[in-house]
Amino acid sequence: MSLANRVKSRRDALRLTQTEAAAKAGIRQQSWASIEDGSTKKPRNIISIARALECDAGWLMMGDNIQPIHDINTKKLPLISYVQAGNLVHSVPITDCDGEFEYILTDQALSQSAFALKIEGDSMEPDFKSGDVIIVDPEIKPHPGEFIVAANNEREATFKKYRPTHIDANGNEHFELIPLNSDYPTLSSENTPLMIIGTMIEHRIYRRKR
């Protein structure tokens, strides 16, 4: 059995379309199709492809005994919406949010409250485009220049660059949320009540529109 056959057989066993499997692996559907039709014989993203197929990368490439995905220290993270992320400010557990979740896989050491978020809009272009996915950990304190997910009192989540400004007389730390797209305004915690939800620890580019 070839790499192409092993990839297709695992995808079929998991009842995934090529588009769904490619999204889980963080690659384009066209790239996935080229693996299954035999055009690509040594994919660069074999580890992420193996995670998406819940199997061992060595088996995909060489046909060794199949290994469960859990044997390579991975965990599932819920892919939540901006509305669901905003609810986390009020200590609402992710599992209590409305709606069903999609999940992505990661091998990073994260807290139990970590989650994934799909970017919406163009306020963080050119580095982050709509459709990209970020992984966020609420238990990691951001450093200046890192990217965070935050929310205001209206439970509206936003993804921006973090810049601390000063500590006031009451000991409250103030900061700004900076968009990378200059068409959008910078938000200040002095003018708008802002609460940090979590710090981005990974950025996955799922597709790029031209």
Side-chain angles (χ1 to χ4, degrees), residues 1-81 84-85 93-95 97 99-120 127-140 146-147 149 159 198-210:
M1 184 183 291
S2 65
L3 167 67
N5 291 333
R6 284 189 289 272
V7 169
K8 186 177 187 306
S9 67
R10 281 300 298 165
R11 179 176 63 78
D12 289 342
L14 294 172
R15 298 182 179 180
L16 296 172
T17 66
Q18 285 188 350
T19 300
E20 291 169 338
K24 289 180 66 176
I27 64 176
R28 297 181 302 166
Q29 183 274 331
Q30 294 93 328
S31 298
W32 191 284
S34 71
I35 297 171
E36 290 196 6
D37 68 20
S39 300
T40 300
K41 301 186 183 301
K42 293 183 179 180
R44 293 179 300 170
N45 308 90
I46 190 63
I47 298 298
S48 59
I49 292 167
R51 291 172 186 154
L53 294 175
E54 302 181 14
C55 66
D56 180 71
W59 175 80
L60 284 179
M61 292 301 298
M62 306 299 295
D64 298 331
N65 292 332
I66 192 167
Q67 299 288 336
I69 188 68
H70 305 290
D71 286 355
I72 54 176
N73 194 31
T74 59
K75 65 182 297 185
K76 293 168 60 176
L77 296 179
L79 181 62
I80 68 176
S81 69
Q84 291 167 329
I94 293 178
T95 52
C97 293
E100 297 182 356
F101 296 121
E102 294 180 48
Y103 289 88
I104 68 168
L105 298 171
T106 181
D107 58 359
Q108 298 208 48
L110 304 173
S111 71
Q112 292 300 314
S113 53
F115 61 89
L117 184 71
K118 183 174 289 186
I119 300 298
E120 298 176 5
D127 291 4
F128 301 88
K129 295 183 181 293
S130 184
D132 289 357
V133 168
I134 58 172
I135 294 178
V136 180
D137 195 333
E139 296 190 17
I140 294 180
E146 291 189 315
F147 298 99
V149 175
F159 172 61
T199 302
M200 185 197 82
I201 53 90
E202 185 179 335
H203 173 207
R204 297 186 180 183
I205 301 173
Y206 277 64
R207 59 190 174 92
R208 289 296 198 209
K209 292 182 179 180
R210 295 185 183 275

Looking at [Y], is its backbone amide N or carbonyl O close enough to the side chain of [X] to form a donor-acceptor pair, meaning the two atoms are under 3.5 Å apart?
{"X": "T106", "Y": "Q108", "value": "yes"}
{"X": "R51", "Y": "A25", "value": "no"}
{"X": "S9", "Y": "N5", "value": "yes"}
{"X": "R10", "Y": "L53", "value": "yes"}
{"X": "T40", "Y": "P43", "value": "no"}
{"X": "R204", "Y": "I134", "value": "no"}
{"X": "D132", "Y": "K129", "value": "yes"}

In Å, rounded to the nearest 0.5 Å, how long is the span from [atom1] of [X] to [atom2] of [Y]?
{"X": "L79", "Y": "E102", "atom1": "CG", "atom2": "CD", "result": "5.5 Å"}
{"X": "K42", "Y": "L3", "atom1": "NZ", "atom2": "CG", "result": "11.0 Å"}
{"X": "D127", "Y": "F147", "atom1": "CG", "atom2": "CZ", "result": "6.0 Å"}
{"X": "I104", "Y": "L117", "atom1": "CD1", "atom2": "CG", "result": "10.0 Å"}
{"X": "D137", "Y": "Q112", "atom1": "CG", "atom2": "CD", "result": "10.0 Å"}
{"X": "C55", "Y": "R6", "atom1": "SG", "atom2": "CZ", "result": "9.5 Å"}

Item to check | side chain to side chain contact (heavy atoms under 4.5 Å, CB included) partner of Q18, chosen from Q30, K8, E36 | outcome: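 With Q18 as partner, side chain to side chain contact (heavy atoms under 4.5 Å, CB included) holds for just one option, E36.
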Item to check | Test log, rule side-chain hydrogen bond (donor to acceptor under 3.5 Å, both in side chains), inputs S39 and S34 | outcome: CA-CA 5 Å; S39 300; S34 71; 5.9 Å; no
Answer whether the closest heavy-atom distance between the side chains of [X] and [Y] falls below 4.5 Å.
{"X": "Y103", "Y": "L77", "answer": "no"}
{"X": "E54", "Y": "K24", "answer": "yes"}
{"X": "I49", "Y": "I35", "answer": "yes"}
{"X": "V7", "Y": "L60", "answer": "yes"}
{"X": "F128", "Y": "M200", "answer": "yes"}

Distance-minimising heavy-atom pair for [X] and [Y]:
{"X": "A21", "Y": "A52", "result": "O-CB, 3.8 Å"}
{"X": "A114", "Y": "P78", "result": "O-CD, 4.0 Å"}
{"X": "V133", "Y": "A116", "result": "CG1-CB, 4.0 Å"}

Item to check | E120 bridged to K118 by N-O distance under 4.0 Å | outcome: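 So E120 does not pair with K118 through a salt bridge.
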Checklist entry - Going through the checks in order, is the side-chain hydrogen bond (donor to acceptor under 3.5 Å, both in side chains) test met by S111 and S113? => result CA-CA 5 Å; S111 71; S113 53; 3.1 Å; yes
Checklist entry - Mind checking what makes salt bridge (charged side-chain N to carboxylate O under 4.0 Å, His left out) contact with D37, not counting sequence neighbours? => result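 In terms of salt bridge (charged side-chain N to carboxylate O under 4.0 Å, His left out), with neighbours along the sequence ignored, D37 is linked to no residue.
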